[in-house]
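Reading through the structure tokens given below for one structure.
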Amino acid sequence: MTAYDAIVLAGGAAERLGGADKPGIRVGGRALLDRVLSACADASTTVVVGGRRPTTRTVTWTYEVPRGGGPLAALDAGVRLTTAERVLVLSADLPFLEADTVKGLLAAAEDGRREGALCVDQDGRDQPLVAVYGAEPLRRELALLATEHGGLSGLPLRLLTQELDLARVVGDPLASFDCDTWEDIASARARIREHGAVLDEWITAVKDELGIELDVDTDVLLDLARDAAHGVARPAAPLTTFLVGYAAAKASRNGGGADGGGDGAVEAVAEAARKAAALARRWADENETQ
């Protein structure tokens with residue numbers, strides 16, 4: 001993947017939310033800001049423009065000058081702390097942004113004839129805060145706008161994007177869904193609890209909460225829980241999956257690194273789950289032969 005830095009704009013007065021701390025509002029158990037940070041975890045440097053707060057990963061903090069000066073002032077503050085040739089720019093209120101959207105924007109921005117790429121929503125509207133910009137063109141246009149207008153405070157984003165040659169990328173229908181009102185927050189929370197998404201959302205939330213970076217085959221663990229519940233007893237399901245996790249962590253530390261991460265941990269989970277599932281089936285077979 002193309003090397004890039006990320007700037008996340010997390011300021012603003014959130015007037016339509018009654019002045020609430022919007023980046024800290026939780027959707028699916030995770031702060032909006034943390035959800036956005038997960039989508040750009042591959043960034044070399046991530047700069048958050050806004051008030052400092054606990055986050056699930058390390059970021060660089062800064063403020064726009066003057067405070068509350070708007071998106072262009074915030075971008076100017078953020079880009080000063082980046083060094084990559086490509087800069088991903090995001091708002092902090094995108095609950096459904098995924099890494100695939102970021103990858104698509106980066107791929108589109110690799111065209112040397114363009115100065116970046118931005119997401120276009122399903123209604124054809126440009127989303128300049130779901131975009132990748134060339135760092136040099138971004139700095140150039142910000143400097144020109146500051147000179148022309150005597151500063152960047154209060155200027156709209158369209159003054160920037162209309163001067164840049166940007167590719168348009170039609171992303172996932174929900175990629176640019178932002179939360180400006182409490183109705184938006186309620187809608188986002190309801191979508192996350194839909195049957196098809198709730199399990200993945202819950203697992204991601206738990207991993208963030210526990211500081212775990214591990215891709216696990218959830219179907220394997222669900223099958224194990226089912227085998228333990230049916231072949232032994234219902235309470236065996238959660239206890240067995242806990243013991244599998246404990247055994248996998250121990251095996252990974254002994255043979256796959258002290259942090260328990262990486263492919264070794266994934267393989268350890270799979271092997272422990274296989275052994276426990278086989279045991280549950282043997283247990284069930286004994287009951288059937290009695």
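- The structure places CG of Asp178 at 6.5 Å from NZ of Lys22, a figure rounded to the nearest 0.5 Å.
- Of all the heavy atoms in Pro235 and Pro238, the pair that sits closest is O-CD, 3.3 Å.
- Rounded to the nearest 0.5 Å, atoms CD (Glu141) and CD (Gln162) are 9.5 Å apart.
- No side-chain donor from either of Thr62 and Arg80 sits under 3.5 Å from a side-chain acceptor of the other.
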Practice task
Dump the intermediate steps for side chain to side chain donor-acceptor pair (under 3.5 Å) on Thr46 and Arg57, then the final yes or no.
Solution key: CA-CA 10 Å; Thr46 299; Arg57 67 180 183 85; 2.9 Å; yes
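- Of the charged side-chain nitrogens involved, none lies within less than 4.0 Å of a carboxylate oxygen, so that Arg139 and Glu136 do not count as a salt-bridged pair.
- A side-chain donor-acceptor contact under 3.5 Å links Arg86 to the backbone of Ala109.
- Thr82 places none of its side-chain heavy atoms less than 4.5 Å from the side chain of Tyr4.
- Counting heavy atoms from C-beta on, the side chains of Thr181 and Asp184 come closer than 4.5 Å.
- Side-chain contact check for Arg274 versus Val220: every heavy-atom pair is 4.5 Å or farther apart.
- A chain of hydrophobic side-chain contacts below 4.5 Å, direct or via other Ile, Leu, Val, Met, Phe, Trp or Tyr residues, connects Val59 to Leu33.
- Taken to the nearest 0.5 Å, the CG atom of Leu97 stands 13.0 Å off from the CZ atom of Phe177.
- A side chain to side chain contact (heavy atoms under 4.5 Å, CB included) with Leu174 is found for one member of Gln122, Glu98, Arg191 and no other, namely Arg191.
- For Ala84 against Ala3, the heavy-atom pair with the smallest separation is CB-O, 4.4 Å.
- For Ser187 (side chain) and Glu183 (main-chain N/O), no donor-acceptor pair under 3.5 Å exists by modelled atom type.
- For CZ of Arg140, the number of neighbouring non-hydrogen atoms (other residues, nucleotides, ligands) closer than 6.0 Å is greater than 12.
- Contact check for Arg35 versus Ile192: side-chain heavy atoms found under the 4.5 Å cut-off.
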Exercise for the section: Assess whether side-chain contact (heavy atoms from CB on, under 4.5 Å) is satisfied between Val132 and Arg114, documenting all intermediate values. Expected result: CA-CA 11 Å; Val132 171; Arg114 297 297 185 95; over 6 Å; no
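- Within the 4.5 Å cutoff, the side chain of Arg168 has heavy atoms near those of the Asp126 side chain.
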Exercise for the section: Tell me, with the steps shown, if Arg226 and Leu222 meet side-chain contact (heavy atoms from CB on, under 4.5 Å). Expected result: CA-CA 6 Å; Arg226 179 201 61 208; Leu222 290 173; over 6 Å; no
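- When each of Leu118, Val102, Leu94, Val120 is paired with Val130, the side chain to side chain contact (heavy atoms under 4.5 Å, CB included) condition holds for Leu94 and for no other.
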Practice task
Could you walk me through whether Cys179 and Ile25 pass the side-chain contact (heavy atoms from CB on, under 4.5 Å) test, one step at a time?
Solution key: CA-CA 10 Å; Cys179 293; Ile25 293 175; over 6 Å; no
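- With hydrogens and angles disregarded, no donor-acceptor distance shorter than 3.5 Å links the side chain of Glu271 to the backbone of Lys275.
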Exercise for the section: Applying side-chain contact (heavy atoms from CB on, under 4.5 Å), run through Asp5 and Leu81 and close with a yes or a no. Expected result: CA-CA 9 Å; Asp5 290 337; Leu81 300 177; over 6 Å; no
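- Cluster membership check: Val89 shares its hydrophobic cluster with Leu145, using side-chain heavy-atom separations under 4.5 Å among Ile, Leu, Val, Met, Phe, Trp and Tyr.
- Tested against Leu152 for a side chain to side chain contact (heavy atoms under 4.5 Å, CB included), the candidates Leu75, Leu142, Val65, Leu159 yield a single pass: Leu142.
- For the atom pair CZ of Phe96 and CG of Asp172, the computed distance is 9.5 Å after rounding to the nearest 0.5 Å.
- You'll find the side chain of Leu160 stays beyond 4.5 Å of the side chain of Pro128, heavy atoms only.
- Distance check, rounded to the nearest 0.5 Å: NE2 of His149 to CG of Leu144 gives 10.0 Å.
- Going from atom CD of Glu163 over to atom CD of Glu148 covers 8.0 Å, rounded to the nearest 0.5 Å.
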Problem - Asp34 vs Arg26, salt bridge (Lys or Arg N to Asp or Glu O under 4.0 Å): CA-CA, chis, key distance, verdict - result: CA-CA 9 Å; Asp34 283 333; Arg26 294 186 178 274; 5.5 Å; no
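- Between Thr240 and Ala276, the shortest heavy-atom distance links the atoms CG2-CB, 4.0 Å.
- Closest heavy-atom contact between Asp121 and Gln127: OD2-NE2, 3.1 Å.
- By the criterion of side-chain heavy atoms lying less than 4.5 angstrom apart, applied directly or through intervening Ile, Leu, Val, Met, Phe, Trp or Tyr residues, Val79 is not grouped with Leu37; the two fall into different hydrophobic clusters.
- Both Leu129 and Tyr133 belong to a common hydrophobic cluster when Ile, Leu, Val, Met, Phe, Trp and Tyr are linked at side-chain heavy-atom distances under 4.5 angstrom.
- Taking every heavy atom of both residues into account, Ala277 and Asp227 meet most closely at CB-OD2, 4.0 Å.
- Nearest approach of Ile7 to Gly78, heavy atoms of both residues: CD1-C, 3.6 Å.
- Not a single donor-acceptor pair under 3.5 Å links the side chain of Glu64 to the backbone N or O of Ala77.
- Using a 4.5 Å cut-off between side-chain heavy atoms of Ile, Leu, Val, Met, Phe, Trp and Tyr, with links allowed through other members, Tyr63 and Val48 fall into different hydrophobic clusters.
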